[in-house]
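In what follows, a single structure is set out as structure tokens and then discussed.
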Amino acid sequence: MSVGKLLVLLGLVLVILGVVWLVGERIGLGRLPGDIVLRGERFTFYFPLTTCLLLSALLSLILWLLGRWSQ
């Protein structure tokens, strides 16, 4: 694969991730039950555990389907 095609592909991936990020914020992704938020007097610690697990499962499914499709 040439460098030009690789850059175009990388650009498309970034655009798709940006759209998913914007849509995810609107539907509440990142504020799911199970996401950990600790608020102190001077700090806030946020770890989106449930969101990470959900996105990991979705990405694994997509990559598994792409792997089976390419064979």
Side-chain angles (χ1 to χ4, degrees):
M1 179 179 285
S2 70
V3 175
K5 288 182 183 180
L6 185 63
L7 288 174
V8 169
L9 181 64
L10 183 63
L12 288 173
V13 168
L14 287 175
V15 168
I16 291 169
L17 284 174
V19 169
V20 168
W21 193 294
L22 291 174
V23 171
E25 286 180 345
R26 288 184 180 227
I27 62 173
L29 202 60
R31 290 177 280 142
L32 297 174
D35 289 346
I36 298 169
V37 179
L38 301 173
R39 289 186 177 90
E41 290 181 21
R42 298 178 188 236
F43 74 93
T44 300
F45 175 76
Y46 177 71
F47 184 71
L49 181 63
T50 306
T51 301
C52 289
L53 292 173
L54 180 67
L55 291 177
S56 175
L58 184 64
L59 185 60
S60 294
L61 177 65
I62 290 170
L63 291 174
W64 179 76
L65 289 172
L66 285 174
R68 291 194 42 97
W69 178 65
S70 67
Q71 291 180 355

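Here the structure is a predicted model, which is why all the values come from computation and not from measurement.
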L55-L63 co-clustered via ILVMFWY side chain contacts under 4.5 Å: no
Single-linkage hydrophobic cluster L53~L58, side-chain heavy atoms < 4.5 angstrom: no
E25 backbone acceptor or donor facing R31 side chain under 3.5 Å: yes
D35 to L49 - nearest heavy-atom pair and separation: OD1-N, 3.4 Å
Distance, nearest 0.5 Å, that separates CG of L17 from CG of L12: 11.0 Å
Distance, nearest 0.5 Å, that separates CG of L61 from OG of S56: 11.0 Å
I36 CD1 to F45 CZ distance, which is reported to the nearest 0.5 Å: 7.0 Å
